[in-house]
Amino acid sequence: MATIEIKVPDIGDYSDIPVIELLVAVGDVVRKDQGLVTLESDKATMEVPSSAAGTVKELKVKLGDPVSEGSVVAVLEAEGASVGAAPAQSDARPSPASPPPPEEASKAQAPSAASASGRKADVECRMLVLGAGPGGYTAAFRAADLGLDTVLVERYASLGGVCLNVGCIPSKALLHAAAVIDEAAHAKDYGVSFSAPKIDLDALRGYKEKVVGQLTKGLAGMAKQRKVRVVEGVGCFVSANELEVETGDGRKLVRFEQCIIAAGSQALKLPGFPWEDPRVMDSTDALMLADIPKKLLVVGGGIIGLEMATVYRALGSAVTVVELMDQLMPGADKDLVKPLADRLKKLGVSVHLKVKASKIEAEKKGIKVTCEGDGAPDPALYDRVLVSVGRTPNGGKLSAENAGVAVTERGFIPVDRQMRTNVPHIFAIGDLVGNPMLAHKATHEGKLAAEVAAGEKKEWVARVIPSVAYTDPEIAWVGVTENEAKEKGLNVGVGKFPWAASGRAIGLGRTEGFTKLIFDEATHRLVGAGIVGPHAGDLITEAALAIEMGCEAADIGHTIHPHPTLSESVGMAAEVYEGTITDLYIPKRK
């Protein structure tokens, strides 16, 4: 037998992802493509598959270890002498924004499609879009605009999917309310005092629902204007050209010529937690605002967990956060996260790093949580526990095998650069095709898939996809991070402008932030950026556009930014890199 090393495959724009689960033990016999360990990024979970069948000889990682592309996770005695050593890892890596193959396997076995049902169809169309989230409704609307007779299948009563109904939009509405509460408290620093806020929870829920309702009503109107037919219900494939939808009026058969799968993802529910108790919440439950718990534990210090921690802290909860990694928001540079960590500490949020919630028990007076790790909090009762450790794709819930569509064990659907699955007339987009699981990524993929389906010769060419945490302060980054540059040995230089020197930031009383630009030393082109501070999510767009356009530091520095604004910090960061900054004094290197 040959001994081989099993390494972490290409996992997109991610590094230092913690191992959260060991799926095998030494001595176990595994099959090819079987998952060996589970990793957790801030938006999703992923498994590292075995590249061959054999016996596990040695595990090279333990729970909590950070791994990146190329890290060895196990040593295997592979079956058959012809296996040889593990294939060499290529130094070339696709653009972070390229639609990657699913994390746990570059290929999935393609099943044989089921025969057509032979039943009379209730609905027939040229294009079927399964899922009406940001990617799905964009795909449906673009397909209709291009003249394709389109049907949109959605499980919710209103369009918008998870993002609009129970995700991105309602969370941002609540985050706005939290920001107003904090701003009112902060106003006393400049001589304006308000009394303590009174929280009308019913009215706050009503505001959130009004925001959601306004957007869903708009989507329904646009669907009607475009003559997109909407079928409400849960859809599963019957054959390569048929989908059965379980509706409130019974089952309906939809027959299609082409299809775009946009079925998204769902919150990961860790095993061993008492999920039957409503006091144990996922992100969707947390947005319902059933009450304001006196004590809230957030398991997972990623983007979603910290956003909800921000909301509940502002509403009056005593919040504790436990995170398995050694920093909040794994994946972002540590210097970007530090201002947020400092502010959370100042506001009384208890943060425990390198800590695991090992035992959760439902008791009459609360949820008892026991944690493990250095500096772990003592076992305690919490009124509610929010578990936010990523999302899992829904590819395995669609009976896609009946359509002949390949789906990995984890539920991802591999696609090419035109968003095609292994079945040429069926496309897939969004969360279920791989990281990052972001609405704005899905939107662009949906538009591309519709255009390719209509006969246009296009493929995915985006270089970067920005990420934003709508915490306070906001954190945003795009392109290559400093951590990634160091790990890859890239020759880069950094221009960093502190907001303590920004007139606008000083006027706002928020000088803890900064803008950081990362340039390729050989070409002076921008390759990455990170911003922390109020409105960082709005500011990061300039950097994303600059990377797409191949801008050099001088291009950004010579662009006249309005004064005084936070946006001028982008130009000034470029000037720091160029050595032409006048708003700071930086001694010349000897």
Mark yes or no for whether E323, through its side chain, and M329, through its backbone, hold a donor-acceptor pair below 3.5 Å. no

Side-chain contact, heavy-atom cut-off 4.5 Å: L159 with L152? yes

Output all residues satisfying ring-ring contact (aromatic ring centres under 6.0 Å, His included) with F141, sequence neighbours left out; order by chain, then residue number. Y137

Please answer whether the main-chain N or O of R463 pairs with a side-chain N or O of E548 as donor and acceptor at a distance below 3.5 Å. yes

If you take all heavy atoms of V532 and P473, which pair is closest and at what distance? CG2-CG, 3.9 Å

Considering only NZ, NE, NH1 and NH2 on the basic side and carboxylate oxygens on the acidic side, decide whether R226 and D145 come within less than 4.0 Å. yes

Residues E484 and G479: closest non-hydrogen pair is OE1-O, 4.2 Å

With a 4.5 Å heavy-atom cut-off, do K208 and V211 have their side chains touching? no

N/O donor-acceptor pair under 3.5 Å between D149 side chain and C125 backbone: no

Output yes when a side-chain donor or acceptor of T515 lies under 3.5 Å from a complementary backbone atom of V570, and no otherwise. no

Hey, is the main chain of R313 close enough, under 3.5 Å, to the side chain of S317 for a donor-acceptor pair? no

Backbone of D202 reached by a side-chain donor or acceptor of Y207 within 3.5 Å: no

Does a side-chain heavy-atom distance below 4.5 Å link D182 with R343? yes

Sidechain N-carboxylate O distance under 4.0 Å for E244, K252: no

Which heavy atom of I199 sits nearest to which heavy atom of I292, and what is that distance? CG2-CD1, 3.8 Å

Set out, in order, the CA-CA distance, both residues' side-chain angles and the distance that settles side chain to side chain contact (heavy atoms under 4.5 Å, CB included) for V129 and V153, then state yes or no. CA-CA 6 Å; V129 179; V153 174; over 6 Å; no

Polar side chain donor-acceptor pair, S158 to T216, under 3.5 angstrom: no

Pair V238-L253, side chain to side chain contact (heavy atoms under 4.5 Å, CB included): steps then yes or no: CA-CA 9 Å; V238 175; L253 185 69; 4.1 Å; yes

Run the numbers on E445 and K441 for salt bridge (Lys or Arg N to Asp or Glu O under 4.0 Å), then give the verdict. CA-CA 6 Å; E445 291 173 343; K441 163 181 167 283; 3.1 Å; yes

Looking only at heavy atoms, what is the nearest atom pair of S171 and L287, with distance? CA-CD2, 3.6 Å

Test side-chain hydrogen bond (donor to acceptor under 3.5 Å, both in side chains) applied to D282 and Q266, K269, R391, the passing residue: K269

Donor-acceptor pair, E451 side chain versus E456 backbone, under 3.5 Å? no

Going through the distances and angles, do I260 and L128 end up as a side chain to side chain contact (heavy atoms under 4.5 Å, CB included)? CA-CA 6 Å; I260 298 173; L128 167 71; over 6 Å; no

Hey, does the side chain of Q258 reach the backbone of M127 with a donor-acceptor pair shorter than 3.5 angstrom? no

Could you tell me whether a side-chain N or O of H535 sits under 3.5 Å from a main-chain N or O of G533, the two making a donor and an acceptor? no

Between I556 and E542, does a side chain to side chain contact (heavy atoms under 4.5 Å, CB included) hold up when you go through it step by step? CA-CA 9 Å; I556 301 170; E542 180 180 351; 4.2 Å; yes

Closest non-hydrogen atom pair between A143 and A450, with its separation: N-CB, 3.7 Å

Reference residue E459; test side-chain contact (heavy atoms from CB on, under 4.5 Å); the match among R417, M419, R420: R417

Please report the shortest heavy-atom distance between D122 and R251, naming the atom on each side. OD2-O, 4.1 Å

For the residue pair S239 and E242, confirm or rule out a side-chain donor-acceptor distance under 3.5 Å. yes

N/O donor-acceptor pair under 3.5 Å between N422 side chain and A110 backbone: no

